[in-house]
Protein chains: 2
Amino acid sequence: MPKSKRLMELMMTVNRKRRFKVQELADEFGVSKRTILRDLQELSELGVPLYSEVGPHGGYQVVRERVLPPIAFTEGEAVAMFFAVHALRHYSSLPFEAESASALSKFYLHMPGDVRDRIDSMKDRVDFVAPTRWSDAPCLAELLDAAIKQSVLVIQYESQERGAESRRIQPVCIYANNGFWYCTAYCFNRQDYRVFRCDRIREAAYDTSGTVPMQLKDVRLSRRDASQPRDPIRLRAVLSKTGVQRCESELWLAPLLQVREDGSGVIDKDVSRDDMTFYAEFMIGLGDEVALEEPYELKEAIRTRLAALLARYEGYAAQ
Amino acid sequence: MPKSKRLMELMMTVNRKRRFKVQELADEFGVSKRTILRDLQELSELGVPLYSEVGPHGGYQVVRERVLPPIAFTEGEAVAMFFAVHALRHYSSLPFEAESASALSKFYLHMPGDVRDRIDSMKDRVDFVAPTRWSDAPCLAELLDAAIKQSVLVIQYESQERGAESRRIQPVCIYANNGFWYCTAYCFNRQDYRVFRCDRIREAAYDTSGTVPMQLKDVRLSRRDASQPRDPIRLRAVLSKTGVQRCESELWLAPLLQVREDGSGVIDKDVSRDDMTFYAEFMIGLGDEVALEEPYELKEAIRTRLAALLARYEGYAAQ
DNA sequence: ATAATGGTGACAGACTTTGTCATCAACTCG
DNA sequence: CGAGTTGATGACAAAGTCTGTCACCATTAT
């Protein structure tokens, strides 16, 4: 076998084994220990992070991260990776931040100068706008890890109403929306699914009390969909074209919205009676772009709200 | 020089040169033509797309895409790249879509099975929510290209007011915000900077009439910032903690906002008098979370607006 | 102490790569 | 056409690199 091929296979083998002895590999590849030692040194120089200990029960280890065999990317592919990572630059507390940066610098180092220029000039010409000031979500990595492994966490959650409290949860999925990270999880304290704002999770540790994880294999991202409303009431409203455009950027509304051919639209959906205050605020925000048809309760709530606001601003005027 | 090293350098050299003759490389590397020929054949087998023509003025060419020398990525880096591209999945009409996909499949192919599983399970556990229904922006690639090269385009633009019209523009930057792609550009018809919605640009072609591009080297993303208000008026308002959080997700507001230590905040900024109606709507949306201090004109505008809305909903009640 | 294990240097022999040369093929240009 | 340019391929000896063997050292667990 030519040396170059042997080196490749050796790289794959050591990545698979993680721990091994020189004699082992020598037998496997049908070469002498000396050769394997020389090869391992070369791999080391090529960037595979090897660590060795002498003595009985010693041997080689691949330390830290495993390395993929070298891959030849085209320039276009490298630029695309840059673009993707660049697009996420406004999001703070991202998982894999360090890894992205190191991957990008590897691409950057191996690039001929003209492609670097191309990328540098692209940097300032294209952008994804994200809401500013994302709050820190210190436990994001733990939450994601727990969601992947489907294990139970004990978290310190600072809810708006009750202040800090401890909860046992099993994360289902993590998602970012409009400036915040959220985590849908099964809450063992409430015995139901709940959505947590990740920046309010101050600490997260793996549960050691032996709570048995739920079988949530099929429960995935869909879990963030709203649950069925209790005490439903029918909401019907007609939206102008502008109204539709505004509603489309509201994630929670999108599934309730039917768009007509001419761009105008209709909301027709059962909603929870408890949410009247919320919908009243929202309808007020839409102003003349919405014509509410029912329920009467919502109209009433809107009028009450408007009157309260008017009083508030009348009050100011008197100051 | 060992062969392996020479092959690496050869790969970089041919990528830089794009066109070359065997004799040239032989001199450059101090080896014989025969050796270079053998090396080029090996590079070819390694995936570098080489093409050769015999005869005078013939020679070698690197065909299609240039290839970077093989890079060894760690697993973590590969996962990070997956994450980044995955996060953008909801955005339609992205540039570099094909390249991202092919880069990802290269990573995927070279990965040991357990990492694939890790990625597969991550896919369904983490998400970036983007507003739905992005309109198609068919000319995005052209716009980006023109922005990078700073060249002039002739576009067919369908404005809301005047219907379709032809414009000569020089794109400055492209950005995505809240479900739409925008392009800031210098418009030669209006002789000023304008922002175009990319989905309303039906066609784009390079200008052939010889319009001289502007010197826009220093004009970059900042161009999307609001210009100075004409007829300014001072706006001062105090925001509660909740109010601050809501404002932070409004991009245009972020620069006007000062956050205090306890999470509450202040808006204090000169704004344009023409925008009173807009600010009135916005303040109403903030409800009790904002205490407006000045200007008087805005309070008046809010009261007017509230009264109008109230009338609208009183009207409904009478239906 | 003993045995297991990695690390290094030297060197001859095995193996690979290289240079040279010869020959061919495709093509351009005058 | 014919002369010149350029790539493609095969053969083979010379040059160079890689490999196995061996001797020896260092470290460490038992």
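Every chain is numbered from 1 and lettered A, B, ... according to where its sequence line falls, protein lines coming before strand lines. None of these values were measured; they are calculated from a predicted model.
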A:L40 side chain near A:L10 side chain, heavy-atom distance below 4.5 Å: yes
OP1 or OP2 of D:dG4 under 4.0 Å from side-chain N/O of B:H57: no
Touch class at under 4.0 angstrom, heavy-atom based, for A:K33 against every strand present: nothing
ring-ring contact (aromatic ring centres under 6.0 Å, His included) involving B:F107 - partner list, sequence neighbours excluded: A:F73, B:F73
Of A:D39 and B:Q41, the one whose closest DNA chain D nucleotide lies more 5': B:Q41
Minimum-distance nucleotide (side-chain atoms of A:P56 versus D:dT28, D:dT19, C:dG6): D:dT28
4.5 Å side-chain heavy-atom contact, A:F20 and A:E28: no
Nucleotide nearest B:R34 (side chain, heavy atoms from C-beta), chosen from D:dA8, D:dT9, C:dT8: D:dT9
Upstream residue (5' side of DNA chain D) when B:V22 and A:V31 are each assigned their closest nucleotide: B:V22
Touch class at under 4.0 angstrom, heavy-atom based, for B:S32 against every strand present: base
Donor-acceptor pair under 3.5 Å, A:R38 side chain vs C:dG7 base: no
Side-chain donor-acceptor pair present, B:S32, B:T35, cut-off under 3.5 Å: yes
Rounded distance in Å - CD (A:E53) to C1' (C:dA4): 13 Å
